[in-house]
Amino acid sequence: MTALQLAPITPGRALRFCVLVLTAALFLAPYLFMISTAGKAQSEIFTSSLSLIPSEPHFLENFAKAFSRVSMPLLLWNGVIVCGLILAIQVVIAVPCAYALAKLKFPAARLMMALIMLGLLVPIHATALPIYVAFDRMALLNSYMALVAPFSISVFGIFLFLQFFRSLPDDLIHAARLDGMSELGVVMRVVVPNAWPAITAFSIFSVVAHWNDLYWPLIVVSNQAYATPPLGLLFFRAAEAGDDYGALMAATLIITLPLLAAFLLAQKRFVEGITMTGLKG
Amino acid sequence: MSTLTLSGITKSFADNDILKGIDLQAHEGEFIALVGPSGCGKSTLLRIVAGLEQATTGSVRVAGREVTALAPAERNVAMVFQSYALYPHLTAGQNIAVPLAMRQLSRLGRLPLIGALAPGQKAIRREIQAKVREMARSLMIEHLIDRKPGQMSGGQRQRVALARAMVRRPALFLMDEPLSNLDAHLRVHARTEIVDLHRRAGVPTLYVTHDQAEALSMADRVAVMIGGRLLQLAPPQQIYADPRHIEVARFIGQPRINSLASRVTEEGMVRFGPAALSPAAALRAGTAVTLAIRPEHLRVLPRQTGVETGGLPGQVERLEFLGSEVIVSVRLDGMGETLLAKLAPAEAARLATGQPVGLLPEADHLLVFDVAGHRIDAMPVLAQLRENAHG
């Protein structure tokens, strides 16, 4: 059936495909180059010729080096802990907030809405210094707390859920109240089960952002034990690898793989969620 | 004992008065249809009874209990929504079970997985399942029990919504235009079904609709709401034949009732062609009144016979054939008003567009209203006059 539905390839279509393929290649190039470098020997990386396929594959050696010189399991574990905690707390806080703003009437709703918009405008870089000083005074630097706490309330999350919850019919909420649910019950039993696309979309945004974040961990963590993956790579490069780009790329590849896998698994829901929240990136 | 008492319900948004003092009493097991044009506040009133909205003033009593300040869940009322509002993530069976589960299971017992382990909860769950099945059987939706709302047709969803509302035997049923999302054929069928269900369950029902045919055919009593006021609450026949307000007369009945501006004559009567009515309370000559008569109570005669018997002269403007009846529009000579008459097809066969005719009202069915729209009781005096003339 699908073969029958394929349109014939006209010159116009061919041109469009070419443009799409070229753009895709442009975006994929750094990643492919990273994979390629991860498989090259030190000597080959620094030759003047540029080849995508390593002349002799050195994948095993480079990965072995990455694993032996950096404590990859610790980095990945830290990444999982930090991203997991951030995501869980963000969702637990953002979902009821967004529900209240979307479906309940209360006097301060407009003010809260304004504050959320304001919150969207303030970047972490503006608040980094005061938070750093505060954590320092509280002796919280070099801890999971320092990595997680500043991101526990996500105005972006509230905003995204708000858009989604507004599209839920009021009658559904009314029916739930008449059926005997408390407001929290409505959130848990009616809103959340119907908001999975939005929650998945938000999860991807949140996890990608915090897994890849280097800025904040660099500020609050100096102890290797709490290093997140990007920070660990930085330590690795600064301390020992120096110019061993093969091993560095191998390590980079390892820390990007979990994200890639997670995205591929959740792809369908992610796209659904983005379409339903009307958010385009 | 009255099962629903509304007293002095008002509702305002900013300076917009939606409800202007509603009083209503429903009797045991009664089916009351709340009908009115869109925007008359009927849905708002229903939501106030459900507790989904708060009245600005006034009180709501359900089954003799003051519930004005209670949350929707504590009022023991069930509601069927226009959109059905089924939980999209649950199957029909689970949807029907929700109100029971929320009331009968403990907080712990409601948790998924762990809930089954809580003491005593298993028996309750089994009982709930049995009730859900019984409900589904009585509404003939057993085969749908494992389907999600997305996989059901409109009619099936409506039945599931009814089942969910009925399963916990509430003190009061509220229905907010539950048939308006069904196609015309299904709607007529569903009407009789809801009435049957209501008879069997015996739960008093407040049914909101904008469709007068639904209201007249289903309800024990019809409440006509217009502009935030409850203008009349009476059995369907009485609403139709004896409207207490011109707006009620205009809203109920298809085609619309004919109305004409008139004045009280020197003899203190109200005249319409050969018919004369004498108001129960004496009115001063010259007082402006509105005369109204339903299309089926106007006779259309050929000009000569019509005018000789005292009918109003006019011209046929349009004939609309509707199968079992014909609607004739007659423009009155001189007055420029157009009145509608409803005739049997055989009677209308001798009429043609443009034909001069005489319009004869049935005096018994003439209604008189004052300028504010309130009904003025009046007796026809034509027969009496004739008798006097002959005698």
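Just so you know, these numbers come straight off a predicted model, no measurement behind them. Note on naming: letters A, B, ... go to the chains in the order of the sequence lines (proteins, then strands), and numbering restarts at 1 for each one. When reading the values below, keep in mind they use all heavy atoms of this one structure, side chains included, and skip hydrogens, waters and symmetry mates.
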Just checking heavy atoms, which of residues 168-180 of chain A are less than 4.5 Å from chain B? A:Asp171, A:Leu172, A:His174, A:Ala175, A:Ala176, A:Arg177, A:Leu178, A:Asp179, A:Gly180
Of all the residues in residues 161-172 of chain B, which have a heavy atom that comes within less than 4.5 Å of a heavy atom in chain A? B:Arg164, B:Arg168
Interface moiety of B:Arg75 toward chain A, non-hydrogen atoms closer than 4.5 Å: neither
B:Val77 versus chain A, the contacting section by heavy-atom distance below 4.5 Å: both
More than 12 heavy atoms of other residues, nucleotides or ligands under 6.0 Å from CE of A:Met145: is that the case? no
Answer yes or no: does atom CZ of A:Phe27 have more than 12 heavy-atom neighbours from other residues, nucleotides or ligands under 6.0 Å? no
Between B:Ser83, B:Ala50, B:Ala85, which residue shows the highest count of heavy-atom pairs closer than 4.5 Å to chain A? B:Ala85
Using atom types as modelled and distance alone, determine if a side-chain donor or acceptor of B:His89 lies under 3.5 Å from a backbone N or O of A:Ala195. no
Which atoms of B:Leu86 are under 4.5 Å from chain A, going by heavy atoms: the side chain, the backbone, both sets, or neither? backbone
